[in-house]
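Notes for the one structure printed next.
Remember, it's a predicted structure, so these values are computed and weren't measured experimentally. Within every chain, numbering begins at 1; the chains are lettered A, B, ... in the order of the sequence lines, protein sequences first and strands thereafter. Atoms considered below: every heavy atom in the structure, side chains included; atoms not considered: hydrogens, waters and symmetry mates.
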Amino acid sequence: MIQKANHGDMRLTLEVWRQAGPGAPGGFKTYEIVANEHMSFLEMLDVLNQQLVERGEEPIVFEHDCREGICGSCNLTIDGKPHGPRERTTVCQLHMREYRSGDHIKIEPWRANAFPIIRDLMCDRGSFDKIQQAGGYVSVNTGAAPDAHCIPVPKEDADLAFDAAQCIGCGACVAACPNASAMLFTAAKVSQYALLPQGEPERERRVIAMVDTMDEQGFGNCSNHYECEAACPKGISVTNISRMNREYARATLKKR
Amino acid sequence: MTPADSPTASECLDSKVPSGPMSERWSRHKFDLKLVNPSNRRKFDVIVVGTGLAGGSAAATLAEMGYNVKAFCTHDSPRRAHSIAAQGGINAAKNYKGDGDSVHRLFYDTVKGGDYRSRESNVHRLAEVSVDIIDQCVAQGVPFAREYGGLLDNRSFGGAQVSRTFYARGQTGQQLLLGAYGAMNRMIQAGRIEMYNRREMVDLVVVDGVARGIITRNLITGEYERHTAHTVLLGSGGYGNAFFLSTNAKNSNVTAAWRAHKRGAFFANPCYTQIHPTCIPRSGDYQSKLTLMSESLRNDGRVWVPKTKGDSRAAVDIPENERDYYLESKYPSFGNLVPRDVASRNAKLVTDEGRGVGPTGEAVYLDFADAIKRDGRDTIAARYGNLFEMYERITGDNPYEVPMRIFPAVHYTMGGLWVDYNLESTVPGLFVLGEANFSDHGANRLGASALMQGLADGYFVIPATIASHLAGRQLQEVTTDHEAFKEAEASSRERMDKLMAIKGTRSVDALHRELGNVVWNHCGMERSAEGLNEGIKKVRDLRDQFWQDLRVLGDPQTVNQDLEKAGRLADFMEFAEVMMNDALVRDESCGGHFRAEHQSDEGEAKRDDENFSHTTAWEFSGEGQLPKEHREPLTFEEVKLTTRSYK
């Protein structure tokens with residue numbers, strides 16, 4: 001039997017953004033809750049929601065799914081920081097042992113024009129898909145591939161490509177950026193393919209299409225704050241942005 | 001039910017398995033299948049439900065071939081499907097390591113690993129196309145691990161004695177899914193896939209006996225939508241969340257499969273569930289899900305518990321001679337790498353003896369001290385860095401310093417909708433792919449085989465077999481104002497209204513948690529006739545409570561996550577009974593299905609090939625009614641049935 005763990009309980013005050021729908025006026029609502037240090041942050045919200053339902057209040061809408069830090073669904077800004085206080089952690093991997101009894105915690109969705117709020121803590125990140133659709137792939141039909149060993153890739157390049165490919169598409173980079181720029185997100189995909197021989201044939205077309213779409217979707221530009229890297233749960237490096245800028249310059253020159 | 005009153009031969013299912021030598025069946029079948037002329041493909045609409053590895057790869061490939069694809073996912077983006085969370089790797093019989101692997105060996109291992117409860121011909125096909133999957137994914141730019149020479153690296157994984165697992169650090173599922181997502185994106189951009197995000201399939205529409213569309217609920221606006229097609233593909237995943245606590249994502253559910261079942265698709269082997277041995281143990285009653293640690297950890301970690309009951313010393317204070325490395329001593333040739341079902345059951349055995357560790361006593365150690373001493377901390381960090389980091393985030397313990405605590409958790413479901421060799425269900429025109437179907441893993445799935453099966457079905461099998469339906473049948477045009485669409489939409493709405501109208505006192509999560517407890521206690525790692533009968537009663541009671549005392553607040557015409565969950569839980573409440581009934585009828589032990597009544601003197605699963613060498617497929621026969629049992633006999637031509645031994 002699981003023992004009820006009462007040690008490690010903590011009393012917290014939460015200020016949570018509530019908003020009935022897109023365009024509706026929103027505001028912070030205050031809730032008191034007893035949490036436990038072993039809970040994840042989202043489990044604390046589960047407990048709060050269950051209490052709200054029991055009291056006859058509508059539960060807080062928030063996005064989550066895998067709760068293992070990989071699907072990229074969760075999108076909470078906690079005390080002004082996307083994904084909360086711990087480095088390289090998604091909200092679902094954040095645990096209450098980071099907090100002390102008596103703490104006040106402020107919870108909001110991502111804030112960016114390109115991510116309009118749908119309800120409470122849920123926002124629309126469809127603009128990210130649009131950027132990927134513009135060119136975040138290698139155009140190869142199923143069944144047309146040569147044997148995998150026909151395409152050797154130096155380990156160093158493969159590792160760098162993997163580092164970039166780890167992006168989970170959560171949008172913390174945008175939420176952290178004072179310009180709400182999606183440069184890190186876009187650069188991660190551009191870099192992955194720029195580093196691999198498979199990406200070569202579409203190298204120029206890809207970077208131009210993705211950057212243009214990024215601009216169209218209403219994201220801001222990069223002005224080197226590097227908040228994106230600090231907020232990224234996968235630690236994706238801003239050197240990818242430099243690489244994308246080089247790729248973009250190279251592509252525009254070559255195109256001319 | 002006893003074998004004496006088993007279904008008659010006329011009720012046996014036709015798997016449409018081709019004849020001839022095993023290794024030639026798939027090629028021959030592909031040749032024998034009708035083709036859809038490339039210029040005719042644009043006349044066919046294909047619905048794909050789910051955008052994980054199976055659904056995503058199918059949607060992309062069919063669109064490339066020229067079909068009109070409409071793809072649906074419940075997430076805000078197809079990239080978030082739960083395939084993304086698979087860590088360890090993907091098997092393929094490439095034999096790049098030259099260690100004696102072959103298509104035949106992968107086939108053999110999979111049939112044996114499934115404890116001889118899978119369909120041989122399907123498994124052979126799976127092993128054959130496994131090599132093409134790797135080629136396809138590499139061409140897409142999936143960044144698999146490589147060696148310094150630039151070629152792909154492989155590792156041995158989950159009980160395999162050859163190195164055939166391709167991997168991308170601990171994020172293989174993510175990288176493969178992003179490959180399929182990229183392929184889908186290319187087709188979305190080209191206008192070949194119409195993508196519907198945040199839609200939940202709430203019913204299958206059957207016209208003149210053929211699957212011709214679906215009803216979806218828009219999860220943002222609450223609207224019901226009708227979609228027609230010439231064929232419907234389900235890649236909607238497994239039913240592990242019937243247990244509430246599992247390693248599945250929170251939104252994974254049985255709804256699409258269950259609603260199809262209620263429209264005529266048989267559900268096969270629902271009692272086959274996989275309990276994964278290396279998960280992070282629960283810490284309290286608020287626990288919302290369990291986190292899996294890739295079983296690749298068992299390549300270097302050693303599993304142990306204290307020799308004495310109730311030893312409460314810290315792990316490091318327990319001297320070597322007072323530790324019981326029970327897998328190594330019991331299974332000297334496989335050691336810590338025994339298959340998942342064996343590893344899980346042994347963890348249960350030692351914790352039942354009172355030798356479990358940690359605050360709950362429901363855990364065993366997975367210790368890396370020897371591996372770190374042997375290979376150095378950096379090597380171990382390169383192999384498992386992200387997993388160690390994840391463990392540390394969740395538990396607050398540092399696995400470089402103290403052993404991990406692990407315990408089994410529900411992870412994967414081998415059962416699913418019954419399909420024939422073409423992946424077609426018992427509803428003509430309804431195809432089922434990936435974890436949602438039942439055919440390839442038997443009673444236990446080997447590690448790194450789920451990704452393989454999902455992509456095999458989507459990239460290579462369905463693109464060929466879909467023609468059996470599209471080219472083989474006369475399909476009249478159907479519009480959304482057809483009576484069948486009206487009826488399906490009306491019944492979906494009625495169901496939702498019913499849920500909203502209960503206005504009881506209990507939250508969806510509280511009821512789901514209770515169902516999970518019942519299923520885990522009565523149909524978990526060990527089952528018995530007595531326990532199952534009791535469990536079935538409890539599920540029925542709970543289902544009554546659900547329909548009397550559920551509380552869903554708010555407006556159904558907007559985002560209402562509790563309403564979504566309530567609809568899914570209603571289905572789990574019905575499904576759980578069929579699952580337990582299946583476990584009851586299967587009066588033998590096999591793979592992940594362990595019946596306490598059927599074990600050897602050493603506590604190993606004891607199969608009954610004479611009476612149970614078949615697949616059980618259940619036909620829906622009305623709400624609250626016992627479903628009707630059908631069987632597909634399993635014949636083994638290539639692999640000799642033996643008692644699995646990993647000693």
With side chains defined as the heavy atoms from C-beta onward, is the minimum distance between A:Q133 and B:I188 less than 4.5 Å?
yes
Under a 3.5 Å cutoff, is there a donor and acceptor pairing between the side chains of B:R551 and B:T505?
no
Restricting to ring pair (Phe, Tyr, Trp, His ring centres under 6.0 Å), what partner residues turn up for B:Y196, sequence neighbours left out?
B:F72, B:H227
For the residue pair A:E200 and A:Y193, establish whether any side-chain heavy-atom pair is separated by less than 4.5 Å.
no
Does a donor on one side chain sit under 3.5 Å from an acceptor on the other, for B:Y167 and B:D153?
yes
In terms of heavy-atom proximity below 4.5 Å to chain A, should B:I134 be classed as side chain, backbone, both, or neither?
both
Suppose we screen for side chain to side chain contact (heavy atoms under 4.5 Å, CB included). Which residues come up paired with B:C279, at least two apart in sequence or across chains?
B:T247, B:H276, B:L292, B:A409
Heavy-atom distance under 4.5 Å to chain A: side chain of B:Q174, backbone, both or neither?
side chain
Give a yes or no on whether the backbone of A:H64 and the side-chain of A:S73 come within a donor-acceptor separation of less than 3.5 Å.
no
Tell me the residues of residues 136-143 of chain A whose non-hydrogen atoms fall below 4.5 Å from those of chain B, in number order.
A:G136, A:Y137, A:V138, A:S139, A:V140, A:N141, A:T142, A:G143
B:Q175 (side chain) donor-acceptor with B:P143 (main chain) under 3.5 angstrom:
no
Given B:K250, B:R393, B:Q189, B:E64, the one with more heavy-atom pairs under 4.5 angstrom with chain A than any other is B:R393
Just by distance, with hydrogens left out, do A:D9 and A:N36 show a side-chain donor and acceptor under 3.5 Å apart?
yes
Among residues 123-131 of chain A, which residues come closer than 4.5 Å to chain B, judged by heavy atom distances?
A:C123, A:R125, A:D129
Under 3.5 Å, is there a donor-acceptor pair between the A:Q198 and B:Q140 side chains?
no
Using a 4.5 angstrom heavy-atom cutoff, name the option from A:A145, A:P197, A:A148 with the most pairs to chain B.
A:A148
For the residue pair A:D65 / B:H75, report whether a side-chain donor-acceptor contact shorter than 3.5 Å exists.
yes
What part of A:Q192 gets within 4.5 angstrom of chain B, counting heavy atoms only: side chain, backbone, both, or neither?
side chain
Side chain, backbone, both or neither: which part of B:F460 has a non-hydrogen atom closer than 4.5 Å to chain A?
side chain
